[in-house]
Every structure is written in C-alpha cells, then in structure tokens.
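Below you'll find the structure, written out as structure tokens, and then a few comments.
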Amino acid sequence: MIVVLKDNPDKRQLENLIAWLKSMGLDIHMSEGHSSTIMGLIGDTSEVDVDLINALEIVEAVKRVQEPYKNVNRKFHPDDSIIKIADDVEIGGGNFQVIAGPCSVESESQVCEVATRVKEAGAKLYRGGAFKPRTSPYAFQGMREEGIKLLLEAKKQSGLPIVTEAMDISHLPLFEDVDVIQVGARNMQNFELLKELGHLDKPILLKRGLSSTLQELLMSAEYIMAGGNEKVILCERGIRTFETATRNTLDLASIPLLKTMTHLPVIVDPSHATGIAHLVKPMAMAAAAAGADGLMIEVHNDPAKALCDGAQSLTPAAFADMMDAVNAILPHAFRG
Ligand code: PEP
Ligand code: MN
C-alpha cells in the first residue's frame, strides 16, 4: 500500500500515523521527494482500513498495490484448488462438473424423476431449492425442511450428491447430510452466515451477488476461508445491468479474470444469468469455452408447470442435448 502525504505534514500527526501502522506489524519505507513524501507500507495490509487513512488531515492519497484478500489469492496459492465433494466428485484443476436439477423441490415424484434424468445425461451433482429466496413474499417459498428430506431421498435413489441453498444460520442443522451448501446471490454478503459456514467442513457454493464486483465476491469467499473452510466454489450467475431483455447479464469475462485472481474453482449458472431457456445452451457452451470449471443448470420435468423459474428451466431432453454440445467444446476450452 502506498500513502502519499500532503506538503509539510504536521510532525506529531505523522509520528502518530507511523506508530499506528507499525503497531499493525507493518514496515514503513519513507521516500521524500521535492514536492511530496510517499510512504510505502510493507507487510500484510489486508487489515488496514484505506478509508480511515485517506480521511487523515496529512494524507493526500492512498493506493492499494496488494489485494485485500489473501486466502483466496492465487498469488499465495498458485495451483488450482480441487474441491472434493462426497466420495468421488472433484471440481477444479481440470475437473469440469455439471450441477443440474429444478429451481425448487416440489414433490417426491418430481425431484426423483429429474434426478434420474439429469444423471443419465451426465450431471454429477443434483440441485434443488428447499428454502427459496423470492422477491415476493406471496410467491412459493419452498418446501423448507420437507424439501431437504425429499432431496435426500433423490440422493438415495440416484446416488448423486446434493447442492441446496441455506438462507439462515438457524437452518444449518437441517443441512447436515447435504453435500454442498449454496449461498445464493442475495446472501453473498450475509457476513454472519458466511462466518458460520467458515466453521464447517463442507463445500460451499458461493454465488455472485446481483450487483457485486468480483472483488466483493472474493472478499465473501475470504470470509468463509478465514474461518478455516477452504472448500469454496465460486459461481458467476449474471449481474444486474440496464439491459432488460435478459433476466441478468452474464459476465463471461469474469471466468478467465477470476481464475487469474483466485485458485478457487469457478462455475457458471446460465439459467439465472439469462432467465430464458433457449439461451441456456449457447451460454453454457460459451462458459465452457471461456474456461469455467463447471455449470449449474435448472432442469424441470414439466417447465410450464414449474412453481419457480419455469421460463429458464430446460426439459431433461434439452439438458441432454446441452450436455453433448458442452462436452464437444471442453477439449478446446481456454485454460489460461
Ligand atoms: C438458485 O440457484 O436457486 C438461486 C436462487 O439463484 P441466485 O441466488 O443466483 O438468484
Ligand atoms: Mn431458480
């Protein structure tokens, strides 16, 4: 971090600043020029509050030259992280995996039928929402505890590990047998939830917030990792822009960019990114080509009757067709 001081800084205030920075374990390199003095802060500056220093009377400007995250930073972990799920699914480091299933768990027959179909098409993980974050309080809120039981039944029948969203710390005891806990876009900055997930020994699928920068996504992953849980998978799911023709705007460039910033696996959810079923296949292909470590796809046995997100859900047949297209691209995918 570099701190540029104003001309003729007050000596007392400068001494106080230096003492404070040193108390944080930093070394300071002073460089006095003709018109200004520059301080180079050497050491781990991730806990230094830039805004606080910027606000000091003697400070002209502050610039970070080092990222504020360390556990997720590729600089300190050059190799790709490979996250192991259940006994035999690995994601990251060249292992591409597809998570598929309905937006919401609706009934035992629905959840078990879709599980069998997506498994046949090559999905290695099964998704389904039991707790649903809905914009309207009058919309279907999910089957909650009963939904998790049905997902576990689908896991028993299909053998696929399950991924489902937790919205609140108080619900976590229900997630004991869930293989991957999803943090949805709306909860990406639920810091208390992230801290709690940091204490678990379970993979976490962290979705990018609707209006979050990549740095904010990485800082949320940092919360989980700082607690000791290193099993974090990132998910690009589209961001809110001025465009209304699609539900969100899929930020494809985030895939190769995130992979230079972090060693964590990055998957893409083209279903929520577009909101339109016929756009899911081309965007899944594009994500695979751009180097994603996997996909999350919404699949429903009868999309027209889905209780949630039917417009973006693929039928099992369309999902199988998408899988063929994605598999054909994988050998040519960008790998950095
Ligand atoms: C979901 O995956 O079911 C979901 C609600 O997605 P998001 O949090 O990305 O909107
Ligand atoms: Mn959905």
Side-chain angles (χ1 to χ4, degrees), residues 97-106 110-111 114 118 123 125-137 139-144 147-148 150-151 154 162-168 171 175 178-190 193-194 197 203-212 214 216-217 220-221 232-241 246-252 254-255 258 266-277 279-280 283-284 287 292 294-315 319:
Q97 304 296 355
V98 178
I99 305 168
C103 179
S104 311
V105 178
E106 298 173 8
Q110 173 241 16
V111 88
V114 179
V118 299
L125 295 146
Y126 191 51
R127 68 149 283 151
F131 290 90
K132 293 304 304 175
R134 302 305 299 279
T135 302
S136 165
F140 175 58
Q141 301 287 307
M143 292 182 75
R144 303 170 73 85
I148 294 196
L150 295 182
L151 275 172
I162 54 171
V163 181
T164 193
E165 176 167 353
M167 288 165 53
D168 195 276
H171 299 149
F175 287 69
V178 166
D179 300 281
V180 179
I181 298 181
Q182 175 174 321
V183 177
R186 289 152 192 83
N187 266 314
M188 190 204 86
Q189 289 192 320
N190 181 338
L193 178 62
L194 299 177
L197 297 174
I204 308 297
L205 176 64
L206 178 65
K207 299 189 83 172
R208 182 177 182 183
L210 281 74
S211 311
S212 299
L214 297 183
E216 286 163 345
L217 171 64
S220 290
V232 183
I233 302 161
L234 304 174
C235 181
E236 162 60 41
R237 46 78 72 208
I239 47 175
R240 184 69 67 87
T241 69
T246 48
R247 184 175 181 181
N248 291 288
T249 297
L250 179 56
D251 181 8
L252 281 170
S254 71
I255 307 161
L258 277 171
V266 178
I267 72 163
V268 172
D269 169 355
S271 306
H272 291 89
T274 62
I276 302 170
L279 297 181
V280 171
M283 290 303 98
L295 296 166
M296 176 139 98
I297 309 290
E298 285 191 342
V299 180
H300 196 284
N301 50 339
D302 188 357
K305 297 213 180 80
L307 294 181
C308 182
D309 289 351
Q312 67 194 34
S313 299
L314 299 186
T315 60
F319 174 68

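Whatever order the structure lists ligands and atoms in, that order sets their numbers, starting from 1.
- In this structure, the protein non-hydrogen atom closest to atom 4 (C) of ligand 1 is His272 NE2, 3.5 Å.
- Every atom of ligand 1 with a heavy atom of Glu165 under 4.0 Å away is listed here by number and element: 5 (C).
- A donor-acceptor pair under 3.5 Å is absent between the side-chain atoms of Gln141 and the main chain of Met143, judged by distance alone.
- In terms of polar-atom proximity, defined here as any N/O pair under 3.5 Å, Ala185 does make such a contact with ligand 1.
- Distances from ligand 1 to the non-hydrogen atoms of Arg208 include no value under 4.0 Å.
- Between Ile204 atom CD1 and Cys235 atom SG the span is 14.0 Å, to the nearest 0.5 Å.
- Judged by distance alone, the side chain of Thr164 and the main-chain N or O of Gly128 form a donor-acceptor pair under 3.5 Å.
- Ligand 1 has a nitrogen or oxygen under 3.5 angstrom from a nitrogen or oxygen of Gln182.
- Remark: Ala139 pairs with Arg134, Ser136 by the side chain to side chain contact (heavy atoms under 4.5 Å, CB included) rule, at least two apart or across chains.
- Between Ala277 and Leu314, the closest heavy-atom pair is O-CD2, 3.5 Å.
- Of all protein N, O or S atoms, those under 2.8 Å from the Mn ion (ligand 2) number 4.
- Electrostatic pairing of Arg127 and Asp269 does not count as a salt bridge here, judged by no charged N lying under 4.0 Å from a carboxylate O.
- Atoms CG and CE, on Leu295 and Met283 in that order, are 12.0 Å from each other to the nearest 0.5 Å.
- Within the listing of ligand 1, atoms 7 (P), 9 (O), 10 (O) sit less than 4.0 angstrom from a heavy atom of Arg237.
- Asp309 pairs in a side-chain hydrogen bond (donor to acceptor under 3.5 Å, both in side chains) with only one of the listed residues (His272, His300, Lys132), which is His272.
- The ligand atoms of ligand 1 that sit less than 4.0 angstrom from a heavy atom of Gly184 are 8 (O).
- Of the inter-residue distances, the one linking Leu234 atom CG with Arg208 atom CZ reads 10.5 Å to the nearest 0.5 angstrom.
- The backbone N or O of Pro270 lies less than 3.5 Å from a partner atom in the side chain of Thr274, making a donor-acceptor pair.
- Here the protein heavy atom with the shortest distance to atom 6 (O) of ligand 1 is Lys207 NZ, 2.9 Å.
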